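Read through the structure below, which is laid out as structure tokens, and then see the notes.
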Amino acid sequence: MNQALKQIKIRIWCLVGVCLLFAGALVHRFYVVQILRHEELFSKAQQSYTSIHIQHRERGKIYDFHGNTLVGNMPKVTVTCSPYSVVEEPFLHLEKSLKAGVRERIPQLRESRRRRVAAIIAECFNLDEETVYADLAPWGERRNPDGSTYRAKRQYIMIEQYADQQMIDRFQQMMREADLHMGGFRFENIYIRHYPHGRMLANIIGLTGLGGLERSQHEILVEQSSSETIQRSGDGRVLVYGDNHVDSAGRNGDDIYLTIHEMIQAILEEELDRAQEEHQPWRIYAVIIDPVTGNILGLSQRPNFDLSDRSTITQDNFGNILSGNAYEPGSVMKPFFVAKALDMGVITPETIIDCGSSGVWFGLKDPRGYGESNPGYILKKSSNIGMGKLGLMMGPDMVLQTLRDFRFGQHTMPLFSGESRGMLPRPPLRDLTTSRVPIGYAEMVTILQLARAYSALACGGNMPELRLLDRRRDSETGEITEYPYLPKIQVFTNPSTAPSLVEMLISVTDSDGTGRRARIPGYDVAGKTGTAQIVQNGRFSQWYRASFCGFVPARNPRVLMVITVEGLPQSGAHGGGNVAAPVFQRVMSRVLRYLNVPPDYPEQLNQRH
């Protein structure tokens, strides 16, 4: 074999060896990619063309008894963008251009696009153009753990959290007219809570996650967003052969219906505003119920806040004082002890109690000496001396049992966190405490407890549980679930107790009674005034708590209201008969007309016309 042929063979074998090495390396690479790292690389590839589409559902709505919306949902759009995608990416392909002058113009083109986009965003979303321009900077600095900084792409800024669809349509139209594509922008459809009545029921409804019904009924109201996995091609089209599937169907939250009547609530709100202007109290709060069923028809407080404007929330107006505030109620407690004494045979309607002639006894004071008085006259004139002596006649055990029988010291509704149980005096009671409990100065109660207890007085001793939730609607099936009425408790053993007491409470609103300003033409009103001096720092202050509790028509009650006004009186008047009773009269007059309740004395209404 000649030398030339030998060299050719060597070269061929070298070439074959190189090819074999290259083929081996290629096979090894294929093995690593297709076998060893298959799952890892396949997962990364999927991420590049797979997206998760989230569709927000609606939170459950809150309605009044008749289906009027108290809390609804409003569709909004959250607008975000990636500054890097908006400003930098449209020109990346130009950086590879070989045409003269093209690459040199890229910074100018980017600056022009950034300015134009900033101007459109500012105009459509009512923002400051220079601020938007600064936010659209495509690059920013980030900090390493060691404190050093590095240059990084800016991938996210919030443009508008709650945009209207009209704003979005205008923005997209202006971008098209300016020949600016929408790459880098993201539009997410969401729902936000809508409060059509502003301050109405604000402290009862609360805010999502921040108290009230929104918090206590969260598990019922909460929505579940739907989730769908979608695989798309490079041009954005859905891959028909891709792994497209629904991860979660989602569902809207269930709706709840309250026992509230929107019209009655509106009447109450208007009259509390009027009382606020007249007396400038520190606080005022009231509740209206159906004493037969325990359904709450309306309840409100001042101060309160606007559900649609969180800037109106303060530490003083956010809490729910209707359930969370326990206070010494004063003389509105007197009817319960008269009722218990009547029921247990300690007294009769004709029993005479000597209230003295001086108006002073055992540290208790009356405006004047009422002398020998029966229980009805003691309630009519709200005699502290008469009630103090009645307390001693009943004895400490019966006095305490009266509070327990009318369920003071017990929760009314398991709806609100922080509901107060109130406070009862601890046994054994001394004579001083025994004489003070019946006048409402040795116990603390809530306005809801008072409303529940007065329902027993109004309805022959049958005490209902208060109800605020009436029914629930399943968002998927539309099925209605009624919240049950709980059994009533009978607090009287003597059938004559309730009728006798009702007649006494009617006399309170006679022309010479302390509650005369609660009288409503055409109706018998049964009720009781209460005035308590507020204790501050262990001493009686110049602030007063004026209350009125009453129901009408007295012998066939349809509505019951409890109202309390607290503060330093601006008009000079501070008693329950002067401050709270007139508010009761105005509210209940309008409520009776709204409910079309037949009057006890139609001729009185005819005389007014």
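None of the values given here were measured: they were computed from a predicted structure.
Counting heavy atoms from C-beta on, the side chains of Thr149 and Asn144 never come closer than 4.5 Å. Residues His66 and Glu262 have side chains not in contact (no heavy-atom distance under 4.5 Å, counting atoms from C-beta outward). Counting heavy atoms from C-beta outward, Ile121 and Leu127 have side chains that approach closer than 4.5 Å. By the 4.5 Å heavy-atom criterion applied to side chains, Leu180 and Ile120 are counted as neighbours. For the pair Leu297 and Val559, the minimum side-chain heavy-atom distance is below 4.5 Å. Within the 4.5 Å cutoff, the side chain of Arg251 has no heavy atoms near those of the Glu223 side chain. Looking at heavy atoms from C-beta onward, Ile157 lies out of side-chain contact with Thr80 at the 4.5 angstrom threshold.
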side-chain contact (heavy atoms from CB on, under 4.5 Å) assessment of Leu448 paired with Leu450:
CA-CA 5 Å; Leu448 296 181; Leu450 277 172; over 6 Å; no

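Residue pairs that meet the side-chain hydrogen bond (donor to acceptor under 3.5 Å, both in side chains) test with at least one member in residues 130-139, sequence neighbours left out, are Glu88-Trp139, Glu111-Tyr133, Arg115-Glu130, Asp128-Thr131. Residues in residues 165-214 take part in these ring-ring contact (aromatic ring centres under 6.0 Å, His included) pairs, two or more places apart or across chains: Phe125-Phe171, Phe171-Phe185. For residues 141-163, no residue pair satisfies the ring-ring contact (aromatic ring centres under 6.0 Å, His included) rule, not counting sequence neighbours. Residue pairs meeting the salt bridge (Lys or Arg N to Asp or Glu O under 4.0 Å) criterion with at least one member in residues 151-165, sequence neighbours excluded: Lys76-Asp164. Residue pairs satisfying the salt bridge (Lys or Arg N to Asp or Glu O under 4.0 Å) criterion with at least one member in residues 198-207, sequence neighbours excluded, are absent.
Taking CG from Leu299 and CG from Leu468, the interatomic distance works out to 6.5 Å, rounded to the nearest 0.5 Å.
Aromatic ring centroids of Tyr257 and Phe65 lie 6.0 Å or more apart.
If you run side chain to side chain contact (heavy atoms under 4.5 Å, CB included) between Leu221 and each of Glu214, Arg215, Lys61, Glu58, only Glu214 comes through. The side chain to side chain contact (heavy atoms under 4.5 Å, CB included) test with Asp64 singles out one residue from Leu70, Leu258, Leu201, Thr69, and that residue is Leu70. Under the side chain to side chain donor-acceptor pair (under 3.5 Å) rule, Tyr285 has a single partner from Thr446, Asn325, Thr564, which is Asn325.
Under the 4.0 Å criterion applied to side-chain N and carboxylate O atoms, Glu278 and Arg586 are assigned as salt-bridge partners. Between Arg274 and Glu269 there is no salt bridge, since none of the side-chain N atoms of the basic residue sits less than 4.0 Å from a carboxylate O of the acidic one. Between Arg283 and Glu566 a salt bridge is recorded (basic side-chain N to carboxylate O distance below 4.0 Å). Between Asp179 and Arg176, none of the side-chain N atoms (NZ, or NE/NH1/NH2) sits under 4.0 Å from a carboxylate O, so this pair counts as no salt bridge.
Under the salt bridge (charged side-chain N to carboxylate O under 4.0 Å, His left out) criterion, Arg472 pairs with Asp254, not counting sequence neighbours.
Nearest heavy atom pair, residue Glu419 against residue His411, reads O-NE2, 3.4 Å.
A donor-acceptor contact closer than 3.5 angstrom is absent between the side chains of Gln276 and Gln280.
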